[in-house]
Protein chains: 2
Amino acid sequence: MKRHPPSQDESAALLRASRLRATPARIAILRLLRAARRPLSIDEIHRGLRRAGDWATVFRSLRHFESARIVARCEFGDGQSRFELVSGGCGAGHHHHHLVCRSCGKVLHVGDCGLGDIERDLQKRHGFAAVTHSLEFFGLCPKCRAKG
Amino acid sequence: MKRHPPSQDESAALLRASRLRATPARIAILRLLRAARRPLSIDEIHRGLRRAGDWATVFRSLRHFESARIVARCEFGDGQSRFELVSGGCGAGHHHHHLVCRSCGKVLHVGDCGLGDIERDLQKRHGFAAVTHSLEFFGLCPKCRAKG
DNA sequence: TTATATGCAAAGTATTTGCATGACA
DNA sequence: TGTCATGCAAATACTTTGCATATAA
């Protein structure tokens, strides 16, 4: 069996492209995020690591990834931050948001939010710079609705 | 000086209208929220109470208020929940969001987000019920921008 | 070889819970 | 007077930090 040389590993390549050191822990975290169909909580990521690196490493890695803009953080209102790959992951690669079931946590991707106009308006009218937004939708999915 | 009888206190009245007990701690919390020009963090609310009730009371009260839909929770991305009156407070009484300065925390109110159409579309297309959203804008205010 | 990441432990902050007492309705 | 809120303390999450060691570049 051929062992993937570092240069062929997408996660490692992503790290190098962002001038971040490609360590086993970081590569493992990015692989988890790449395989996930939805944003993962720190807890899910930590459990997903084989030789579970410690919590501090997970937190620190994610903070770095966030600064480097290779992962994005989102809040589903349950007090935990969740993270997803900015590009390369499922549903990623373009600006999007999520529709989260309040009961079972099922996550759907939501495309164009059309808030760019509002952002530009806010910059113009109030002089704010670098305006961004965080947006999530919540609701009851069909299954949970049926269950009552 | 006439002492406001309970029935004339807006905060107490609001509690009674929601079938919640009108206790001094709760009334004090609602008064703080009513006087605030922006969502308050738990810490700010706790500090604002004269005979500072304890943290648990503040948390529990706010949780009840949230369930009763008389206050709304929002997240400014700093790991703390903030709360504002749903109606009666400044900028409240109508659906709105916030533009928060990433540097100094200054908060501006943002009106119509136009997301109602998307919500209806999500309900129709994916069968979700009771769809709502959480939305906040972030940026650098003019002053902070000037400071570098 | 040198800067930087990791692991561990400990500290910090945010939030919840149990229980006895006290207060609203 | 019965139900429910409060205060206190302790417990539970979640997240950060310090430091010695290990490792990527």
Side-chain angles (χ1 to χ4, degrees), chain A residues 3-9 11-32 39-47 49-68 70-71 73-83, chain B residues 4-7 9 11-32 39-47 49-68 70-71 73-83:
Chain A
R3 290 171 142 275
H4 300 284
S7 65
Q8 291 190 9
D9 185 318
S11 297
L14 176 55
L15 286 165
R16 297 213 179 79
S18 308
R19 289 192 248 118
L20 294 174
R21 286 195 179 180
T23 67
R26 291 178 171 187
I27 293 170
I29 293 172
L30 289 181
R31 277 184 175 153
L32 278 174
L40 298 182
S41 67
I42 304 258
D43 189 62
E44 288 169 323
I45 293 170
H46 183 254
R47 280 201 311 266
L49 297 176
R50 295 258 173 233
R51 289 198 53 211
D54 79 341
W55 292 99
T57 297
V58 179
F59 276 101
R60 278 187 287 226
S61 299
L62 289 167
R63 186 155 17 107
H64 283 136
F65 296 168
E66 202 185 356
S67 303
I70 62 180
V71 309
R73 177 193 299 250
C74 50
E75 306 287 346
F76 286 179
D78 62 351
Q80 296 193 250
S81 291
R82 278 153 219 271
F83 299 84
Chain B
H4 302 283
S7 64
D9 185 321
S11 297
L14 176 55
L15 287 165
R16 296 214 179 78
S18 307
R19 288 191 250 119
L20 294 173
R21 288 195 178 179
T23 66
R26 292 177 170 189
I27 294 171
I29 292 171
L30 289 181
R31 278 183 174 154
L32 277 174
L40 297 182
S41 67
I42 304 259
D43 188 62
E44 289 170 323
I45 293 170
H46 183 253
R47 279 201 312 266
L49 297 176
R50 297 257 173 235
R51 288 199 53 213
D54 79 341
W55 292 97
T57 297
V58 178
F59 276 100
R60 279 187 285 226
S61 299
L62 288 167
R63 188 160 11 110
H64 282 136
F65 297 169
E66 201 184 358
S67 303
I70 62 179
V71 310
R73 177 192 300 248
C74 50
E75 305 287 346
F76 287 178
D78 62 351
Q80 294 193 251
S81 291
R82 279 154 218 269
F83 298 84

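Quantities reported herein were computed from a predicted structural model and do not represent experimental measurements. Naming: A, B, ... by sequence-line order, numbering from 1 per chain.
As rounded to whole Å, 12 Å separates atom P of C:dA14 from atom CD of B:Glu75. Residue A:His64 contributes atom NE2, which lies 16 Å from atom P of C:dA3 at whole-angstrom precision. Nucleotide D:dT6 holds its C1' atom 7 Å from the CG atom of B:Asp54, rounded to whole Å. If you measure from atom NE2 of B:His46 to atom P of C:dT13, you get 15 Å, rounded to the nearest angstrom. The CG-P distance, from A:Leu20 to D:dA25, rounds to 10 Å in whole Å. Note: CG (B:Asp9) to P (C:dC24) measures 13 Å, nearest angstrom. Atoms CH2 (B:Trp55) and C1' (D:dA5) sit 19 Å apart, rounded to a whole Å. C:dA14 atom P lies 14 Å from atom CZ of A:Phe59, rounded to whole Å.
Comparing A:Ser61 and B:Asp78, the nucleotide of DNA chain C nearest to each residue sits closer to the 5' end for A:Ser61.
In terms of heavy atoms, B:Ala68 sits closest to B:Leu20 at CB-CD1, 3.9 Å.
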Notebook entry, point to check: Stepwise, does the side chain to side chain contact (heavy atoms under 4.5 Å, CB included) test hold for A:Ile29 with A:Val71?
Noted result: CA-CA 11 Å; A:Ile29 293 172; A:Val71 309; over 6 Å; no
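Closest approach to the B:Arg26 side chain among C:dA5, D:dT6, C:dT6 is made by D:dT6 (side chain taken as heavy atoms from C-beta onward). Taking only side-chain atoms of A:Ile42, from C-beta outward, the nucleotide of D:dT17, D:dT15, D:dC8 with the closest atom is D:dT15. Out of D:dT17, C:dT16, D:dC8, the shortest distance to the side chain of A:Ala56 is found at D:dT17.
For A:Ser81 and D:dC14, the shortest distance from a side-chain N or O to OP1 or OP2 is not below 4.0 Å. Between B:Gln80 and the phosphate of C:dT13, there is no side-chain N or O to OP1/OP2 separation shorter than 4.0 Å. The phosphate of C:dA14 (OP1 or OP2) has no side-chain N or O of B:Ser41 nearer than 4.0 angstrom. Between A:Arg63 and D:dT15 there is no side-chain polar atom (N or O) within less than 4.0 angstrom of OP1 or OP2. Within the 4.0 Å cut-off from OP1 or OP2 of D:dT23, not a single side-chain nitrogen or oxygen of A:Thr23 is found.
Between atom OG of residue B:Ser11 and atom CZ of residue B:Arg16 there is a gap of 11.0 Å, rounded to the nearest 0.5 Å.
Between the base of C:dA3 and the side chain of A:Arg21 there is a donor-acceptor pair shorter than 3.5 Å.
If you check the side chains of B:Arg73 and B:Ser81, you find a donor sitting under 3.5 Å from an acceptor.
At a threshold of 4.0 angstrom between heavy atoms, the contacts of B:Arg60 include nucleobase atoms, whether or not backbone atoms are also involved. B:Ala22 comes within 4.0 angstrom of the backbone, heavy atoms only, and of no base.
The only option from A:Leu40, A:Val58, A:Ile42 that meets the side chain to side chain contact (heavy atoms under 4.5 Å, CB included) definition with A:Phe83 turns out to be A:Ile42.
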